[in-house]
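Working notes, structure below.
Chain A is the first sequence line, chain B the second, and so forth, proteins listed ahead of strands; every chain is numbered from 1. Keep in mind that what you see is a predicted model, and the values were worked out from it rather than measured.
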Amino acid sequence: EAGVAQSPRYKIIEKRQSVAFWCNPISGHATLYWYQQILGQGPKLLIQFQNNGVVDDSQLPKDRFSAERLKGVDSTLKIQPAKLEDSAVYLCASSLGYPAFFGQGTRLTVV
Amino acid sequence: QKEVEQNSGPLSVPEGAIASLNCTYSDRGSQSFFWYRQYSGKSPELIMSIYSNGDKEDGRFTAQLNKASQYVSLLIRDSQPSDSATYLCAVNQINDYKLSFGAGTTVTVRA
């Protein structure tokens, strides 16, 4: 079974630039999550989708972050404009109930 | 108060010893409990899940849950150098698939 696919693996951008991350969940998984993991901390949920609807985006900084999940499959997470404090690993995960399975993540460095 | 707290590390144990990791959670409605292992630079990987009070064993790993005390632990028996990683405790509530993570405990197994 193929796992959660994410791209790119690494990204370096200057502050105030924009960036987008892509995620393809495990086939058949209705729930998709985006987590942010800052170095030395546990993952923090940014947004949760159930099929193509948003279930929870309470911790998503909506002034700069946006996410969509078209057709209930792939998802993109965008940051515009980026700040230095957005430097982190962005993890996509998917699940069919419990548990959640994670992709390899995208390491973002904002300089 | 943080939702999920883990004992601060790092935890250093000699090869062959038992590593004991602790986690407490604040929400009494929490229903499902997970331990993820995260190697440096890698994504979290599920190693144990537990849903009811008591012990659950899987190979060298034992998870223990005490809902009255809001406490979950992970024991790693016969620790190996390959067990050196950060262990993340994750919790979710009934009818809610999203996970709340602790900050993680870093374990180093000395050969």
Side-chain angles (χ1 to χ4, degrees), chain A residues 1-10 21 23-26 28-51 53-60 67 88-109, chain B residues 2-11 21-27 30-52 56 58 61 63 65 72 74 85-107:
Chain A
E1 179 184 77
V4 177
Q6 289 189 248
S7 67
R9 288 296 311 278
Y10 306 93
F21 313 127
C23 173
N24 180 246
I26 294 172
H29 280 195
T31 310
L32 185 147
Y33 317 79
W34 284 101
Y35 285 87
Q36 179 194 57
Q37 187 173 24
I38 293 172
L39 187 65
Q41 299 181 18
K44 183 186 83 170
L45 181 72
L46 293 175
I47 190 166
Q48 175 187 355
F49 292 95
Q50 182 73 18
N51 296 309
V54 175
V55 175
D56 186 341
D57 63 356
S58 59
Q59 297 198 79
L60 186 73
V89 175
Y90 290 84
L91 294 163
C92 180
S94 70
S95 72
L96 189 64
Y98 310 122
F101 296 92
F102 286 83
Q104 289 299 304
T106 297
R107 183 176 298 276
L108 174 67
T109 302
Chain B
K2 293 182 181 178
E3 290 184 35
V4 182
E5 297 204 45
Q6 297 185 237
N7 52 328
S8 59
L11 179 65
L21 308 174
N22 302 319
C23 173
T24 58
Y25 57 94
S26 60
D27 189 341
S30 298
Q31 197 73 10
S32 305
F33 307 87
F34 307 91
W35 285 98
Y36 283 81
R37 177 177 62 199
Q38 188 172 30
Y39 292 114
S40 180
K42 302 296 185 182
S43 62
E45 171 194 13
L46 180 71
I47 55 171
M48 287 289 285
S49 58
I50 187 166
Y51 305 103
S52 55
K56 179 181 178 182
D58 184 359
F61 298 99
L65 175 61
V72 58
L74 179 71
T86 296
Y87 290 81
L88 298 163
C89 174
V91 173
N92 62 3
Q93 287 75 45
I94 189 168
N95 295 327
D96 187 353
Y97 297 139
K98 68 176 182 285
L99 296 170
S100 296
F101 283 88
T105 300
T106 298
V107 174

Check: How many angstroms lie between atom CZ of F33(B) and atom OH of Y98(A), to the nearest 0.5 angstrom?
Finding: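 It is 10.0 Å, given to the nearest 0.5 Å.
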Next item on the list: Mind checking the NZ-CG spacing from K98(B) to D56(A)? Nearest 0.5 Å is all I need.
Entry: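 One finds 4.0 Å between NZ of K98(B) and CG of D56(A).
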Proximity breakdown for [X] and chain A, heavy-atom pairs closer than 4.5 Å:
X      : value
S49(B) : neither
Y97(B) : both
Q38(B) : side chain

Item checked: Choice from Q6(A), Q41(A), Q104(A), K44(A) maximising heavy atom contacts with chain B below 4.5 Å ->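 Heavy-atom pairs under 4.5 Å are most numerous for Q104(A).
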Next item on the list: Output the option from A100(A), A93(A), S95(A), G40(A) having the highest count of non-hydrogen pairs under 4.5 Å with chain B.
Entry: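 It is A100(A).
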Checklist line | Interface moiety of Q37(A) toward chain B, non-hydrogen atoms closer than 4.5 Å | finding: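 For Q37(A), the side chain is the part near chain B, not the backbone.
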Next item on the list: Select one option (side chain, backbone, both, neither) describing which atoms of Q48(A) are under 4.5 Å from chain B's heavy atoms.
Entry: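 Only the side chain of Q48(A) comes within 4.5 Å of chain B.
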Next item on the list: Please determine, among T86(B), L46(B), N92(B), the option with the most heavy-atom pairs under 4.5 Å with chain A.
Entry: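 It is N92(B).
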Next item on the list: Identify the two heavy atoms, one from L88(B) and one from G42(A), that lie closest to each other, and give their separation to 0.1 Å.
Entry: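 That would be CD2-CA, 4.1 Å.
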Note to self: To check you understand the geometry: which heavy-atom pair defines the closest contact between F34(B) and P99(A), and what is its length?
What the structure shows: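 Scanning both residues, the minimum pair turns out to be CE2-CB, 3.8 Å.
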Check: Would you say the side chain of P44(B) lies within less than 4.5 Å of the side chain of Y35(A), judging by non-hydrogen atoms?
Finding: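 A side-chain contact under 4.5 Å is absent here.
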Note to self: Please check: side-chain N/O of Y33(A) versus main-chain N/O of L99(B), any donor-acceptor pairing under 3.5 Å?
What the structure shows: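 It does not hold such a pair.
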